Amino acid sequence: QESSAHMILMTAYLYSWMKTSLPLLSHECKFIMHGTIGYLLNIYVAEVFGEDEGKYRYQKQYDTVIELEKQGMTAPLVTFFPEYYETFTLMYGQYMSCKATVIFHLIESNIGGRESMRAAIKQII
C-alpha cells in the first residue's frame with residue numbers, strides 16, 4: 001500500500017520539475033503537465049509498490065473520471081477561450097488530473113507500450 005506522505009512528496013517533486021521544463025502558457029499545457037505527471041506517478045507506483053497497485057491506482061482515476069462525467073463535469077481538452085485558462089476549482093482540478101492521466105495511458109496503449117511513451121514524454125520535455 002502506498003504511503004500518502006510519500007506520494008505527496010513525489011507529486012510535489014514531479015510538479016516542481018515539470019514546471020521548470022514546461023512553462024504553462026495555456027490550458028493545453030496544463031493538460032499535458034497533469035497527464036505527464038499522473039502517468040509518471042502511475043509508473044512509479046507500479047515499479048515501487050507492484051504492478052497490481054499501479055493498476056489499482058489507474059482504475060481509481062478512471063472511475064473518478066466516469067463518476068465526475070456522470071455528474072456533468074466536462075472540460076475542453078483544447079480551447080482558444082482565455083476564460084478557461086484559470087478555471088481550476090477543486091473538482092475541476094481532480095477531473096483534469098484524472099482525465100489527462102487516463103488519456104496518457106490510452107495513448108501509451110496506442111503507440112506501442114511504455115518504452116514508446118517514455119520516448120514521447122522525453123520529446124515533450
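From a predicted model like this one, the values you see are computed outputs, not experimental measurements.
- Two residues are said to be in side-chain contact when any heavy atoms from C-beta on lie closer than 4.5 Å; Y15 and M33 meet this criterion.
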### Message
Apply side-chain contact (heavy atoms from CB on, under 4.5 Å) to residues Y95 and E69 and explain how you reach the verdict.
### Response
CA-CA 9 Å; Y95 176 77; E69 286 183 351; 2.6 Å; yes
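- Contact of the K55 side chain with the N42 side chain is not registered, since no non-hydrogen atoms from C-beta on lie closer than 4.5 Å.
- Taking 4.5 Å as the limit, every side-chain heavy atom of L40 sits out of range of all side-chain heavy atoms of M18.
- Under the 4.5 Å side-chain criterion, counting only non-hydrogen atoms from C-beta, L68 is not in contact with K99.
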### Task
Evaluate the side-chain contact (heavy atoms from CB on, under 4.5 Å) criterion for residues R118 and I43: first the C-alpha distance (whole Å), next the side-chain angles of each, then the deciding distance (0.1 Å), finally the verdict.
CA-CA 10 Å; R118 284 182 182 177; I43 289 175; 3.6 Å; yes
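- Transitive grouping of hydrophobic side chains (ILVMFWY, heavy atoms separated by less than 4.5 Å) brings I32 and I107 into a common cluster.
- Taking CE of M117 as the start and OG of S109 as the end, the distance is 9.5 Å to the nearest 0.5 Å.
- For the pair K60 and E67, the salt-bridge criterion is not met [side-chain N within less than 4.0 Å of a carboxylate O].
- Distance alone, capped at 3.5 Å, places no donor-acceptor pair between the S97 side chain and the Q94 backbone.
- Enclosure of atom OH in Y13 is not indicated, since only 12 or fewer non-hydrogen atoms of other residues, nucleotides or ligands lie within 6.0 angstrom.
- For the atom pair CD (Q59) and OG1 (T64), the distance works out to 10.0 Å, reported to the nearest 0.5 Å.
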### Task
Evaluate side-chain contact (heavy atoms from CB on, under 4.5 Å) for E108 paired with E115, printing each intermediate quantity in order.
CA-CA 9 Å; E108 176 198 63; E115 290 307 315; over 6 Å; no
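- Between H6 and Y44, the distance from one ring center to the other falls under 6.0 angstrom.
- There is a path of hydrophobic side-chain contacts, each under 4.5 Å, that joins W17 to I37.
- Once rounded to the nearest 0.5 Å, the distance linking CD1 of I103 with SG of C98 reads 11.5 Å.
- For an aromatic pair to be called close, the ring centres must be under 6.0 Å apart, and H34 with Y39 fails this.
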### Task
Give the intermediate values and the outcome of side-chain contact (heavy atoms from CB on, under 4.5 Å) for residues V45 and M10.
CA-CA 10 Å; V45 168; M10 182 56 68; over 6 Å; no
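- In this structure, V48 and E53 have side chains that are not in contact, with every pair of non-hydrogen atoms separated by 4.5 Å or more.
- In this structure, Y62 and V65 have side chains that are not in contact, with every pair of non-hydrogen atoms separated by 4.5 Å or more.
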